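This report concerns only the one structure given below.
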Amino acid sequence: MKSPRFLRVIFLLLFGAAIAASGAIAFTSQEAAPLSDRIVHYKIDAKLDVKTKTIAGTETLTWRNATDVPASDLWFHLYLNAFKNTRSTFMKESGGSHRGFKPGDDQWGSIDITKIGIKDGADLTMGKEFVHPDDDNGDDQTVLRIPLPDPVPAGGSITLEIAFQSKLPQVFARSGYKGNFYMVGQWFPKIGVWENGAWNCHQYHASSEFYADFGVFEVDITVPAEYVVGATGRRAGERKNDDGTVTYTHVQEDVHDFAWTACPDFVEIRKHFTLDDPPVRTEMILLVHKAHLVLKDRYEQALRNGLEFYSKSYGAYPYATVTLVDPPFNALGAGGMEYPTLFTAMGSRFFPDGLKLPEMVTVHEFGHGYWYGIVGSNEFEEAWLDEGINSYSEIKAMERYYGAGRSMVDIGPVKIGDLAFARMNVMGTSRLDPIMTKSWEFFSGGSYGVNVYQKAALTLLTLEGYLGEEVMGRVMKTYYERWKFRHPRSEDFFAAAEEASGQDLDWFFDQFFKSPDKLDYAVSVVRSDEIREPMGLIGGAGAAAKAGTGEKEEEREGAKADTEGKAEKKAKTYDSEVVVIRNGELVFPQEILVVFEDGEEVRETWDGKDRWKRFKYTRPGKLKMARLDPEFKIPLDVNQTNNSRLAAPDKTPLRRHSMGILLAFQKLLSFVAF
Ligand SMILES: [Zn+2]
């Protein structure tokens, strides 16, 4: 309702949110046994200067070489240098905007290591140099290399003392400030991942998120007293200082990143979440901007839904806290982002109840806590392991809690489900990249987004349609249980799926994750021909043939008369055929429902390998229609309008089918969003 412009804004918001929504979660475990291998231990002291928008930081980092290869240098991410100038790889790749948001003039951000040295040892400051492992951009300063006087041996550790200065940009991509709101993410010198004898430490790219080792974070955050602070982990201390500031201490084990936020306009709401099976006890901390308080119950319920869904579907939420951060509307570039035990939501007080964007973003970002946070995927190299699995989970959760077919928009007669939304995105895109592509090597940000989010999600839903929901549930639990607090690769997911399902699925993963091709099957022909006596010269001798068929000839005349409206003398018989075809390169087994006018139904199966397959019938009833994928188990089929066909033009239109509304919206949305 409202104007088309209003709808367009909503749809673009939804699209942007889905692309943007990238990950999120929380951690806080107590003194129990380590959940992860704790490669890193950070002690950071951060003082925010709200006048200069800078953070003065010191960092004591202990890093352990858990491999059997000595490390002769150390590499660090200096992510904030992505916002240092227009020459950074991030700014060049993004064309200066991110998820539709642009940086403010002269509001650049940066991070500078002013001193780095080995604890009680050598000063390493002079040896630091920027490296750019992913491209030839000598101006990019998002990865720093520190040569060591002596290598860190296999199994050995090193403790560094670092002083750094972080200048926050005005928010446009995840981190920064806007007015008195601060979202402080990717803000400190973060060591890369030493694996296979090399540093896995990529530059900050426009289409990429993050990767780091698990460990322990102890962080002191000092802000003016009137600021409300939220951060990764549990609050372990709070100290008033003489200069009118407050220092909050946050601690979290078994996480691989640490983020925090500060704003005097947050209203802090603390609620408990408990679950018996599996056992979960955690504190939900909602930092709702005072301008959005109308959304607080929606946020809380969505977070409860996420906690319940993910705990039951994959495994108990393991941390003591989860913090939802609701940025002001003018800082939405910070919204829809995940960090360990903390995520940013997205809301406006003008969002009607029927527009489920705050719910979707909350469920999505919380969910990242599992597929980015707990399962430590490499988002640079295999983003689908986070975004794709998380979007699959989000769709299932949204459709369960907010209603299938109306889980995104449910405003009067306008109903759109999260699944339909994902399908709309995949339908409208060109197919240039496989899902398994390094994040910065996709053809475009759009290709990255649609592949690692929606196409990967639909692919997993299609796999679920093939395996069945119960088996797929086992697949997901097996994968989560095996890879939580570790770093899986795509092949590890595939192996878990084959093991849990007991099936060889190479044919599926090789096609669907490693090729850019499309899946599209169609019903091409649905035809019935009445069986008539042969005409012409039959059997060689014309007279003999004629004598042998004389009686039936009369019947045929009668039948012909019937078609002109007279009484039928004898039941007719029809030769019928259904032809289904494969339009795309991807091969997937098909089910076909064939319906006859007399009500008979036949189920056919086809391995889908050839380009087409014909089914023939000789029956008294005429064909009515044929439908591929009658249970809608293949959401990745890009064109579902060709999945069914009537035998003849009929006044019982297909749009009466439940899919009809969905198809209409797909068409509408494909104009709006692309
Ligand atoms: Zn996401």
Side-chain angles (χ1 to χ4, degrees), residues 392 395-396 399 404-405 417 419-420 422-423 426-427 455 457-473 475 497 501-512 517-528 576-619 621-647 650 652 654-660 662-663 666:
Y392 156 84
I395 290 169
K396 289 175 66 70
E399 303 260 314
L419 176 59
R423 278 188 43 74
V426 173
M427 278 176 66
K455 189 177 180 190
L458 295 182
T459 299
L460 292 171
L461 287 166
T462 297
L463 180 62
E464 179 170 305
Y466 178 77
L467 294 174
E469 200 164 10
E470 191 190 333
V471 174
M472 188 67 178
V475 167
S501 67
Q503 297 195 35
D504 178 354
L505 296 170
D506 285 347
W507 64 272
F508 182 84
F509 295 123
D510 285 349
Q511 292 189 91
F512 286 68
D517 298 327
K518 72 172 178 179
L519 177 65
D520 182 26
Y521 286 82
V523 178
S524 176
V525 176
V526 178
R527 183 171 61 211
S528 289
S576 299
E577 68 169 351
V578 170
V579 180
V580 288
I581 60 173
R582 174 163 64 84
N583 284 331
E585 295 305 316
L586 296 182
V587 172
F588 194 77
Q590 298 292 316
E591 295 176 328
I592 305 107
L593 172 66
V594 179
V595 182
F596 294 86
E597 286 189 340
D598 58 11
E600 288 297 308
E601 295 187 358
V602 179
R603 290 261 173 172
E604 303 285 1
T605 59
W606 174 35
D607 65 14
K609 288 178 181 167
D610 291 335
R611 275 289 174 176
W612 58 272
K613 170 85 174 175
R614 176 181 283 121
F615 300 95
K616 291 185 161 190
Y617 310 91
T618 300
R619 304 170 55 97
K622 274 174 88 170
L623 266 178
K624 185 177 179 187
M625 60 95 74
R627 175 181 296 283
L628 279 157
D629 187 22
E631 271 82 43
F632 190 50
K633 293 194 283 194
I634 315 176
L636 194 59
D637 187 317
V638 294
N639 185 351
Q640 292 179 335
T641 61
N642 63 19
N643 278 17
S644 59
R645 181 178 280 269
L646 293 170
D650 190 300
T652 312
L654 278 181
R655 75 180 89 93
R656 299 269 306 266
H657 186 266
S658 59
M659 286 296 299
L662 176 60
L663 295 173
Q666 282 171 359

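What you are looking at is a predicted structure, and each value in this text was computed from that prediction instead of being measured.
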field: Validation row: Gln503, Phe508 side chains within 4.5 angstrom (heavy atoms)
entry: no
message: Walk me through whether Leu460 and Met472 qualify under side-chain contact (heavy atoms from CB on, under 4.5 Å).
response: CA-CA 9 Å; Leu460 292 171; Met472 188 67 178; 4.2 Å; yes
field: Heavy-atom side-chain proximity of Ser528 to Arg619 below 4.5 angstrom
entry: no
message: Please find the pair of heavy atoms, one from Glu399 and one from Leu419, that lie closest to each other, and give the distance.
response: OE2-N, 3.2 Å
message: Quick one, Met625 and Val526 - any side-chain contact, counting heavy atoms below 4.5 Å?
response: no
task: Give a yes or no on whether a salt bridge exists between Glu591 and Lys633, defined as a side-chain N under 4.0 angstrom from a carboxylate O.
output: yes
message: Within the structure provided, determine whether Phe512 and Leu463 are in side-chain contact (heavy-atom separation under 4.5 Å).
response: no
query: Does the pair Lys622/Glu597 count as a salt bridge with the N-to-O cut at 4.0 Å?
result: no
task: Determine whether Trp507 and Val587 make a side-chain contact, defined as any pair of heavy atoms from C-beta on separated by less than 4.5 Å.
output: no
- prompt: Can you tell if the side chain of Lys396 reaches within under 4.5 Å of the side chain of Glu469, non-hydrogen atoms only?
  reply: yes
- request: Indicate yes or no for a side-chain donor-acceptor contact from Arg627 to the backbone of Ser644 under 3.5 Å, with no hydrogens or angles considered.
  value: no
task: State, yes or no, whether a side-chain contact exists between Asp637 and Phe588 at a heavy-atom distance under 4.5 Å.
output: no
query: Mind checking whether Tyr521 and Trp606 have parallel, tilted or perpendicular rings, split at 30° and 60°?
result: perpendicular
Tyr617 OH to Glu604 CD distance, which is reported to the nearest 0.5 Å: 3.5 Å
message: To check you understand the geometry: which heavy-atom pair defines the closest contact between Glu585 and Gln511, and what is its length?
response: O-OE1, 4.0 Å
- prompt: Is the backbone of Pro635 close enough, under 3.5 Å, to the side chain of Arg423 for a donor and an acceptor to pair up by distance?
  reply: yes
- prompt: Got a sec, which residues hit side chain to side chain donor-acceptor pair (under 3.5 Å) with Asn642, two or more places apart in sequence or on another chain?
  reply: Asp520
query: Are any side-chain N or O atoms of Asn639 and backbone N or O atoms of Thr641, one a donor and one an acceptor, separated by less than 3.5 Å?
result: yes
statement: On a heavy-atom basis, the closest approach of Asp629 and Ile634 is OD2-N, 2.9 Å
- prompt: For the atom pair NZ (Lys613) and CZ (Arg582), what is the distance rounded to the nearest 0.5 Å?
  reply: 14.0 Å
- request: Answer yes or no: is there a donor N or O on one side and an acceptor on the other, between the side chain of Arg645 and the main chain of Val523, under 3.5 Å?
  value: yes
task: Measure the shortest side-chain to side-chain distance between Leu461 and Ile395 over non-hydrogen atoms and say whether it is less than 4.5 angstrom.
output: yes
- prompt: Looking only at atom types and distance, does a side-chain atom of Ser524 sit under 3.5 Å from a main-chain N or O of Ile581, one as donor and one as acceptor?
  reply: no
task: Mind listing the closest non-hydrogen atom pair of Gly621 and Phe596 along with its distance?
output: O-CD2, 3.6 Å
field: Lys455 and Leu636: CA distance, side-chain angles, deciding distance, side-chain contact (heavy atoms from CB on, under 4.5 Å) verdict
entry: CA-CA 7 Å; Lys455 189 177 180 190; Leu636 194 59; 4.0 Å; yes
For Val638 against Met427, the heavy-atom pair lying closest together: O-CG, 3.0 Å
query: Nearest heavy-atom pair of Val580 and Phe615: which atoms, and what distance?
result: CG2-CE1, 3.9 Å
field: Straight-line distance of Glu577 CD to Leu623 CG, nearest 0.5 Å
entry: 9.0 Å
